[in-house]
2 protein chains.
Amino acid sequence: MIQEAHPALAPERRDRIRNLVREGGVARVEDLRKNLKVSVATIRRDLEILEEEGKVKRVHGGAVSMESRLEESVFDDKTNLASKQKKKIAEDALTLVGHEESVFLDGGSTTLFLARLLKQRTDITVVTNSVRAMEELADSGPRVIFTGGEFRRISQTMVGPLSTVVLEQIRVDKAFMGTMGFCLKNGITTTDPNEAYVKRVVSENAGQVILLADSTKADKVSFARVSDWDQVDILITDQAVPKHFTKTLRKRGIKVRLP
Amino acid sequence: MIQEAHPALAPERRDRIRNLVREGGVARVEDLRKNLKVSVATIRRDLEILEEEGKVKRVHGGAVSMESRLEESVFDDKTNLASKQKKKIAEDALTLVGHEESVFLDGGSTTLFLARLLKQRTDITVVTNSVRAMEELADSGPRVIFTGGEFRRISQTMVGPLSTVVLEQIRVDKAFMGTMGFCLKNGITTTDPNEAYVKRVVSENAGQVILLADSTKADKVSFARVSDWDQVDILITDQAVPKHFTKTLRKRGIKVRLP
DNA sequence: ATCATTATGATCGATTTCGATTGATTTTGA
DNA sequence: TCAAAATCAATCGAAATCGATCATAATGAT
């Protein structure tokens with residue numbers, strides 16, 4: 001075997017792998033191999049060790065970070081095109097965040113993509129009730145204000161009267177909201193009334209309400225009503241959304257973006 | 001043996017090794033050999049000694065600094081004596097939590113151990129401002145209420161006026177508090193005034209205040225005053241705490257437990 | 001001077017790490 | 001659904017590294 005002149009020490013290499021996984025949220029075996037100049041066998045062995053240590057989670061094709069289990073879905077069901085769209089939507093949303101602005105981040109996977117992008121911004125203030133978003137921003141990034149409240153495990157968000165106590169004290173320039181469903185007739189709906197209430201309070205206290213929802217949410221109606229369309233300023237969705245949605249909403253004065 | 005003109009003395013050489021490891025985070029045996037102009041056998045013997053002294057951690061191919069190892073989770077560090085004590089303290093604290101009670105969990109590593117133990121209890125309500133504790137209880141466990149507020153990265157807790165807004169709305173049976181320092185003269189102190197204020201509000205709204213602090217915190221005084229001893233009902237520490245502490249505090253009506 | 005002690009270097013078999021190969025498994029795309 | 005492609009786990013051999021042992025040199029005590 002012809003080893004390199006200065007090969008990295010095994011633990012050092014594994015640290016690098018861990019960081020790469022963490023920064024990207026996900027890393028492919030092949031990419032790691034090229035990056036670290038070792039064989040795939042070594043990468044796999046390292047990933048095995050890192051998984052035992054609880055540092056990363058292995059998936060077919062590579063590994064995902066433990067910090068944000070968000071990306072599991074990206075790997076777990078490749079059929080879910082929505083992940084790619086969600087990423088695009090988040091990237092578009094990022095362009096709306098101005099210098100030194102304050103933004104609210106709702107729960108949900110799309111806003112979680114946005115959270116990751118916002119990590120680079122240290123000039124802004126992020127208000128959120130999502131534990132996942134909180135975790136994403138825990139190490140570094142913008143100023144973070146968290147709404148308290150009762151923890152709802154299923155959505156990993158804070159809800160209930162205690163969270164609105166905090167929300168009523170603040171005002172954000174832009175609120176990036178997720179949703180379970182949106183349709184022209186019933187407006188925005190979600191599963192839990194408590195959550196719907198929180199979303200409503202946020203919307204009322206935000207300069208602009210920006211709805212992030214991929215086209216799979218179109219024409220879906222859920223149990224709890226959040227608000228009507230007149231509360232929404234901008235909808236960011238994707239090309240696959242039915243034409244008449246775009247048309248009708250724009251007629252109603254809502255900006256619709258299709259990145 | 002043909003020694004060099006000015007060979008470094010052994011302890012001096014080991015110091016140099018230690019510095020090289022520390023600066024680089026890692027160092028290879030081969031690099032150290034070239035750098036210090038001695039044989040690999042000598043390097044290995046030095047590393048063996050340095051490892052015994054706890055200065056570096058040996059790995060195949062070289063050594064890594066202890067500092068880089070330290071950033072790992074408090075739970076990984078089995079050798080850390082304070083960790084063992086903290087674990088014992090947390091286990092003792094757990095016995096104080098009654099059925100269907102509500103408890104507050106402060107930030108800090110000791111309370112984090114307690115959080116892990118509380119994960120098994122689904123009958124209780126946990127109130128906390130610690131993101132780490134939140135994460136620990138995110139998947140399953142007791143009902144969790146989180147205080148909102150401004151996120152303080154260094155302690156990974158929520159502080160400031162927004163967190164007290166929530167705290168004033170609730171009342172807990174027992175508050176498990178951590179601290180940076182405690183001494184007979186100055187009472188309980190911590191680093192940040194904002195944090196101290198939160199702790200004070202919690203203490204006032206708790207049925208019982210239980211201070212969890214290993215003996216390394218004894219006679220330490222930090223910047224911000226939290227409270228005097230009359231606010232504390234129970235102190236859980238360890239055997240290594242000076243005798244006069246135990247004596248004086250018990251005389252003042254504070255229960256001192258030494259698990 | 002002689003001897004014990006310590007530090008260092010050299011050698012050699014044992015262990016560990018790594019890469020390549022092969023056959024099994026999973027994913028992808030028709 | 002089936003077949004091709006990608007990915008994986010297992011195995012083996014080569015190279016690096018390691019630990020143990022012994023030899024040599026410097027140092028200091030007797």
Side-chain angles (χ1 to χ4, degrees), chain A residues 1-18 20-21 24-53 55-65 71-85 240, chain B residues 1-18 20-21 24-53 55-65 68-69:
Chain A
M1 185 185 78
I2 298 151
Q3 281 211 351
E4 209 184 324
H6 293 285
L9 257 34
E12 186 187 4
R13 186 188 52 232
R14 284 193 278 270
D15 260 4
R16 291 225 283 157
I17 290 177
R18 193 196 172 190
L20 285 167
V21 171
V26 44
R28 310 184 59 75
V29 170
E30 182 58 21
D31 296 339
L32 292 170
R33 183 193 66 74
K34 270 190 271 193
N35 208 318
L36 301 169
K37 312 255 171 60
V38 292
S39 73
V40 288
T42 302
I43 297 292
R44 290 211 179 85
R45 273 188 281 254
D46 284 344
L47 290 178
E48 198 174 359
I49 291 166
L50 286 169
E51 180 165 50
E52 271 175 22
E53 290 175 350
K55 309 282 182 62
V56 304
K57 167 124 182 80
R58 284 191 75 181
V59 295
H60 196 90
V64 300
S65 77
E71 300 284 3
E72 279 179 39
S73 57
V74 177
F75 264 103
D76 283 354
D77 58 5
K78 297 258 203 222
T79 57
N80 188 4
L81 288 174
S83 285
K84 283 178 194 163
Q85 295 168 340
Chain B
M1 185 187 83
I2 298 150
Q3 280 212 348
E4 210 184 324
H6 295 287
L9 294 170
E12 184 191 348
R13 185 187 53 232
R14 282 192 280 272
D15 258 4
R16 290 228 282 157
I17 291 177
R18 194 198 168 185
L20 285 167
V21 171
V26 300
R28 335 195 75 264
V29 170
E30 182 57 23
D31 296 340
L32 291 170
R33 182 193 65 74
K34 272 191 271 192
N35 208 318
L36 300 168
K37 312 258 171 47
V38 292
S39 73
V40 288
T42 302
I43 296 293
R44 289 210 180 86
R45 272 188 281 258
D46 285 344
L47 290 179
E48 198 172 3
I49 291 165
L50 286 169
E51 180 166 49
E52 271 174 21
E53 292 174 355
K55 308 282 183 62
V56 304
K57 165 112 182 105
R58 285 193 74 181
V59 296
H60 197 90
V64 301
S65 76
S68 69
R69 295 276 120 200

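The sequence lines fix the lettering, A, B, ..., with proteins before strands; numbering per chain opens at 1.
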* How many Å lie between CD on B/Glu48 and C1' on C/dA7, as a whole number? -> 14 Å
* What's the CZ-P distance between A/Arg45 and D/dA10, to the nearest Å? -> 11 Å
* Structure fact -> Rounded to whole Å, the CG-C1' distance (A/Leu32 to D/dC8) equals 15 Å
* Asked: Can a side chain N or O of A/Arg58 be found less than 4.0 Å away from OP1 or OP2 on D/dA9?
  -> yes
* Rounded interatomic separation in angstrom, taking CZ from B/Arg14 and P from C/dT6 -> 13 Å
* Asked: Can you check the B/Lys37 NZ to C/dT8 C1' distance for me, whole Å?
  -> 17 Å
* Structure fact -> Output for pair (B/Arg28 CZ, B/Lys34 NZ), nearest 0.5 Å, gives 10.0 Å
* **Nearest-nucleotide pick for B/Val29, side chain only, options being C/dC18, D/dC18, D/dC8** => D/dC18
* Can you tell me how far the CZ atom of A/Arg33 sits from the CD atom of A/Glu30, to the nearest 0.5 Å? -> 4.0 Å
* Think A/Thr42 has a side-chain N or O under 4.0 angstrom from the OP1 or OP2 of C/dG19? -> yes
* To the nearest Å, how far apart are B/Lys34 NZ and C/dG9 P? -> 16 Å
* To do: Confirm from the modelled atom types if A/Arg33 and C/dG19 form a donor-acceptor pair under 3.5 Å, side chain to base only.
  => no
* Asked: A/Ile43 CD1 to D/dA6 C1': how many Å, rounded?
  -> 17 Å
* Structure fact -> Test side chain to side chain donor-acceptor pair (under 3.5 Å), reference B/Asp46, set B/Arg18, B/Arg14, B/Arg16, output is B/Arg14
* How many angstroms lie between CG in B/Leu36 and CD1 in B/Ile17, if you round to the nearest 0.5 Å? -> 5.5 Å
* **Integer-rounded Å distance: C/dT8 C1' and B/Glu12 CD** => 16 Å
* Scan A/Val38 against the nucleic acid and name what it touches under 4.0 Å (heavy atoms): base, sugar-phosphate only, or nothing. => sugar-phosphate
* Give A/Val40 one of three labels, base, sugar-phosphate or nothing, depending on what nucleic acid heavy atoms sit under 4.0 Å from its own. => nothing
* According to a strict under-4.0 Å criterion, is B/Arg44 in side-chain N/O contact with OP1 or OP2 of C/dA7? -> no
* Gap between atom CG of B/Leu32 and atom CZ of B/Arg13 - 0.5 Å precision -> 11.0 Å
* Asked: Within less than 4.0 Å of OP1 or OP2 of D/dT7, is there a side-chain N or O belonging to A/Arg28?
  -> yes
* When you match B/His60 and B/Asp46 each to their closest nucleotide on DNA chain C, which lands nearer the 5' end? -> B/Asp46
